[in-house]
Amino acid sequence: HRLIRRQRQMCIRDRIEAIDLICQIMITVAGVSAIFLVARKSWVGFLLGLISQPFWLATSIIHRQWGIAILSFVYAINWAYGLINWRRNR
């Protein structure tokens with residue numbers, strides 16, 4: 001039973017590490033693209049910033065960074081505000 005339990009724990013850890021890696025890649029790609037596009041005055045930047053927030057939330061939960069988890073909600077609200085404001089002014 002101990003061996004089976006240990007194998008399950010390893011498998012779960014491996015999956016969490018894979019999810020974290022995907023989140024880190026998405027944060028980097030979406031985050032850098034969002035900043036670049038907002039600087040170029042494109043509404044797609046706000047959308048990408050908003051899309052990146054669940055990945056921020058996931059990785060902050062995985063690493064137990066509760067301040068970053070709260071901040072991801074604040075950022076999501078601001079990205080959404082930017083997107084709505086942009087669309088409203090068009």
Side-chain angles (χ1 to χ4, degrees):
H1 279 92
R2 286 183 186 176
L3 181 59
I4 293 171
R5 187 179 308 141
R6 179 129 173 95
Q7 287 175 337
R8 282 186 191 151
Q9 287 174 344
M10 293 289 284
C11 185
I12 291 169
R13 245 184 250 134
D14 290 343
R15 288 180 184 163
I16 290 172
E17 286 180 12
I19 290 168
D20 188 45
L21 178 62
I22 291 167
C23 287
Q24 296 294 329
I25 291 168
M26 291 302 296
I27 287 168
T28 302
V29 171
V32 171
S33 300
I35 292 168
F36 176 78
L37 290 168
V38 167
R40 302 225 2 137
K41 302 187 187 309
S42 172
W43 67 271
V44 178
F46 294 107
L47 181 62
L48 283 175
L50 189 59
I51 288 170
S52 73
Q53 292 314 299
F55 298 104
W56 275 104
L57 182 62
T59 195
S60 66
I61 291 170
I62 289 169
H63 295 286
R64 297 181 179 182
Q65 296 174 326
W66 309 122
I68 300 297
I70 292 167
L71 242 141
S72 71
F73 286 106
V74 174
Y75 274 94
I77 291 166
N78 282 288
W79 284 117
Y81 173 77
L83 182 60
I84 292 166
N85 197 35
W86 178 270
R87 302 292 289 182
R88 203 178 278 159
N89 291 332
R90 278 296 186 179

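Bear in mind the structure is a predicted one, so any value in this text is a computation, not a measurement.
- Following chains of ILVMFWY side-chain contacts shorter than 4.5 Å, one can reach Leu50 starting from Val44, so the two form part of one hydrophobic cluster.
- Hydrophobic clustering keeps Leu57 apart from Leu71 (ILVMFWY residues linked when any side-chain heavy atoms are closer than 4.5 Å, directly or through intermediates).
- For the atom pair Asn85 CG and Asn78 CG, the distance stands at 11.5 Å (nearest 0.5 Å).
- Looking at every heavy atom in both residues, Ser33 comes nearest to Leu48 through CB-CD1, 3.6 Å.
- Taken to the nearest 0.5 Å, the CD atom of Gln65 stands 9.0 Å off from the CH2 atom of Trp56.
- If you run side chain to side chain contact (heavy atoms under 4.5 Å, CB included) between Ile25 and each of Ile27, Val29, Ile22, only Val29 comes through.
- Distance check: Ser42 OG to Phe36 CZ gives 9.5 Å after rounding to the nearest 0.5 Å.
- Annotation for Trp79: atom CH2 counts as buried by contact number, over 12 foreign heavy atoms lying within 6.0 Å.
- Remark: Arg88 CZ to Leu83 CG distance equals 11.0 Å, nearest 0.5 Å.
- Under the 4.5 Å side-chain heavy-atom criterion for Ile, Leu, Val, Met, Phe, Trp and Tyr, Trp66 and Phe73 are members of the same hydrophobic cluster.
- The line from CD1 of Ile16 to CD1 of Ile12 is 7.0 Å long, rounded to the nearest 0.5 Å.
- Across every non-hydrogen atom of Gly45 and Ala34, the tightest pair is O-CB, 3.2 Å.
- Applying side chain to side chain contact (heavy atoms under 4.5 Å, CB included) to Cys23 and the options Thr28, Thr59, Ile61 leaves one that passes, Thr59.
- Taking CD1 from Ile84 and CH2 from Trp43, the interatomic distance works out to 13.0 Å, rounded to the nearest 0.5 Å.
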